[in-house]
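Along the sequence shown, residues are numbered consecutively beginning with 1. Not measured: the values here are computed from a predicted model.
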Amino acid sequence: MSTPPSTSLRLEQVTPANVDAALALRVHPHQEHDVAPVVRSLAQAYAFGEAAWPRLVFDGDELVGFLMAFLDIPWDEEKGTGERRSGLWRLNISADAQGKGYGRFAVDAVRDELRRRGTAQLYVTWEPGENGPGAFYRRLGFRTTGEVSGGQTVGVLDI
């Protein structure tokens, strides 16, 4: 059973004061193939502008994670449906901070932000496989859509 997260959990924007700590954040080595490093996410956040919502997860003064949401982006433009989606793009919880409820806090924070913006569904993609994050997302209530995006399983949560 995981330890409940601290009541001092919060999200912060990435700033010049905390960017080096963000770049140093590392997941377990066996998870590195499941999620891009923070440096790649920050480069994508820069390139995608307002469509990316990067945040750091702190427990008190300790950086324990990084998340990035995508906001109202065109989905599957090849089909030309005009559908737009929002969801969780990245979730990196520090190797020594896993199993303590920080991932759940991060997903809940994205859900709350999307709800505040009037979004009805939260999407996420994950690397398929026995040791991937799929079980984590399913425990949080995500269901698979049957879609694959960039080789990853697509999940959705009604919010």
Do you know the tightest heavy-atom contact between [X] and [Y]?
| X | Y | value |
| --- | --- | --- |
| M68 | A45 | SD-CB, 3.6 Å |
| S86 | L114 | CB-CD2, 3.7 Å |
| V27 | A95 | C-CB, 3.7 Å |
| A51 | I73 | CB-CG2, 3.8 Å |
| A36 | S41 | O-OG, 4.4 Å |
| T145 | G155 | CG2-C, 4.3 Å |

Any side-chain heavy atom of [X] sitting closer than 4.5 Å to one from [Y]?
| X | Y | answer |
| --- | --- | --- |
| N18 | L56 | yes |
| V148 | V154 | no |
| W53 | L11 | yes |
| F105 | V64 | no |
| Q121 | I159 | no |
| V110 | L67 | yes |
| V14 | L42 | yes |

### Task
With side chain to side chain contact (heavy atoms under 4.5 Å, CB included) as the test, would you mind laying out the steps for F58 and L9 before giving the verdict?
CA-CA 6 Å; F58 279 88; L9 289 178; over 6 Å; no
Enter the distance from [X]:[atom1] to [Y]:[atom2] here, rounded to the nearest 0.5 Å.
| X | Y | atom1 | atom2 | value |
| --- | --- | --- | --- | --- |
| T119 | R84 | OG1 | CZ | 11.5 Å |
| Q98 | N92 | CD | CG | 9.5 Å |
| L88 | T125 | CG | OG1 | 8.5 Å |
| L122 | D112 | CG | CG | 10.0 Å |
| E127 | T153 | CD | OG1 | 8.5 Å |

### Query
Side chains of Q13 and T15: do they bring a donor and an acceptor to under 3.5 Å?
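Note: Q13 and T15 side chains miss the donor-acceptor criterion.
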#### Entry: Residues Y46 and Q44: side-chain donor-acceptor under 3.5 angstrom
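Short answer, no.
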Taking the basic N atoms (NZ, or NE/NH1/NH2) and the acidic carboxylate oxygens, is any pair closer than 4.0 Å for [X] and [Y]?
| X | Y | answer |
| --- | --- | --- |
| D158 | R143 | yes |
| E147 | R85 | yes |
| R115 | E113 | no |

### Query
In a check of side chain to side chain contact (heavy atoms under 4.5 Å, CB included) between F66 and each of P37, S94, P54, which one passes?
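The single option meeting the side chain to side chain contact (heavy atoms under 4.5 Å, CB included) with F66 is P54.
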### Message
Go through it in stages, so that I can follow the logic: the residues are R104 and I93, the test is side chain to side chain contact (heavy atoms under 4.5 Å, CB included), and I'd like the CA-CA distance, side-chain angles, deciding distance and then a yes or no.
### Response
CA-CA 10 Å; R104 176 181 289 276; I93 301 298; over 6 Å; no
### Message
Looking at R40, I want to see if its CZ is surrounded by more than 12 non-hydrogen atoms of other residues, nucleotides or ligands under 6.0 Å.
### Response
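No, not enclosed.
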### Query
Do side-chain atoms of Q31 reach the backbone of H28 as a donor and acceptor pair under 3.5 angstrom?
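Present.
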### Task
Carefully, step by step, assess L63 and L25 under the rule side chain to side chain contact (heavy atoms under 4.5 Å, CB included).
CA-CA 8 Å; L63 174 63; L25 190 126; 3.8 Å; yes
### Message
Can you confirm whether or not the ring centre of W126 sits under 6.0 Å from the ring centre of Y137?
### Response
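Between Y137 and W126, which both carry aromatic rings, the centre distance is below 6.0 Å.
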### Query
Should the pair F70 and W75 be assigned to parallel (<30°), tilted (30 to 60°) or perpendicular (>60°) ring geometry?
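If you compare the ring of F70 with that of W75, the planes turn out parallel.
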### Query
Do V124 and W89 pass the side chain to side chain contact (heavy atoms under 4.5 Å, CB included) test, and can you show the C-alpha distance, the side-chain angles, and the key distance before you say yes or no?
CA-CA 6 Å; V124 66; W89 192 348; over 6 Å; no
